[in-house]
Amino acid sequence: MKRSLLLTMALLLLGTMAFANGQAADDGKIVVGFAQIKEDSPWRTTETNSVQQEAERLGIELKLSVTDQAGQIAALRDFIAQGVDGILLAPQTRSGWDEVLQEAKDANIPVVLLDRGLDAPEHLWAAQISSDFAFEGRLAGEWVADRLQGNGKVVELFGDPAADPAILRSEGFMEIISQYPGIEVVESKTGEWSQDKGRQVVEAWLAAGVEFDLVYAHNDGMALGAIDALKAAGKKPGQEVLIISVDAIKAAFEAIERGEMNATVECSPLLGPMGFATLMAAMDGQAVDQYIITPDSLYDESNYKDHPTGGF
Ligand code: AHR
């Protein structure tokens, strides 16, 4: 290839890169990348909507990517290459983030974690906005100990075993349940945060003759799947088998209303406004709290009508 042609191509490439990196400055718009987890759950859709609505309200250009963890890491690299002003990240699992977060830090792009944490050093990310998952597990554990009056068989449905909320919701729950020798967790398996998967797992337990008095599901989607499986087996969820889960989505409150579910611990997906407020402060070089914890309450048959929005 002739030298002049090579030079022309290099100049064109440089021009394209300069345009991509300077886009935010060119039209004065802030550009934020959001790496969301691909997950079959209404909770996550509500969170995505919350982020999109807030971006629109603030006039921020949002680059949204919805994938598994390998795709999230690739999306972060893509955001960095495009020169975004800030990044929102919902990390699928706790580990594997150090390298890409270091790359964001080197590029001077602050990263705010949405809805769950990770184990990379704290200097690599600006803030984590989430629930206190161990507290949620303890709330569920106290309710279970009370309703079973210290005696009974429990099955547990957790999400991705390497995910922050799965680990901490189990730990918090067991912290309470281990104080009650009459309560036994007879099975514990992943339902991958999904209604369909939760149904399949409970169907398999029932087919194998596993007996249980209560289902503790780490999200409402899996609890609704458990309800489907119990009903298909001719059992009465909410009465013969108690159901408690986490999230407080609208469908869970409807199930409580129908008497098929007993309790849900709130976990807010409405993180868009706090996410952008924190990210923009970090982008501005202001000090931000590294851990911002949203308050959670437990709702059951006695108080579910008190929830301010009737569920998420
Ligand atoms: O990190 C928050 C949790 O993740 C929500 O409880 C759940 O529905 C989601 O998968």
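In listed order, ligands and their atoms are each counted from 1.
Proximity of Arg169 to ligand 1, defined as any heavy-atom pair under 4.0 Å, is confined to the side chain (atoms from C-beta onward).
In terms of modelled atom types and a separation under 3.5 Å, the side chain of Gln69 and the main chain of Thr93 share a donor-acceptor contact.
At least one side-chain heavy atom of His307 sits under 4.5 Å from a side-chain heavy atom of Glu266.
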Under the criterion salt bridge (charged side-chain N to carboxylate O under 4.0 Å, His left out), I'd like the reasoning laid out for Glu301 against Arg147: C-alpha separation, chi angles, the key distance, then a yes or no. CA-CA 12 Å; Glu301 303 99 329; Arg147 285 298 281 264; 3.2 Å; yes
Apply side chain to side chain contact (heavy atoms under 4.5 Å, CB included) to residues Arg44 and Asp115 and explain how you reach the verdict. CA-CA 10 Å; Arg44 206 149 280 286; Asp115 87 66; 3.0 Å; yes
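Nearest non-hydrogen protein atom to atom 5 (C) of ligand 1 is Asp247 OD1, 3.4 Å.
If you check each of Glu266, Glu39, Glu136 against atom 10 (O) of ligand 1, the one with the closest non-hydrogen atom is Glu39.
The closest approach between any non-hydrogen atom of Glu192 and ligand 1 is not below 4.0 Å. At a 4.0 Å cut-off, at least one heavy atom of Pro165 sits close enough to ligand 1 to count as contact.
Taking only nitrogen or oxygen atoms, main chain and side chain alike, Asp115 reaches within less than 3.5 Å of ligand 1. At a 3.5 angstrom cut-off on N or O pairs, Arg116 counts as close to ligand 1.
Using the six-membered ring where Trp is involved, Trp193 and His218 have ring planes that are tilted, between 30° and 60° apart.
Counting heavy-atom neighbours within 6.0 Å of Gln102 CD, excluding the residue itself, gives a total above 12.
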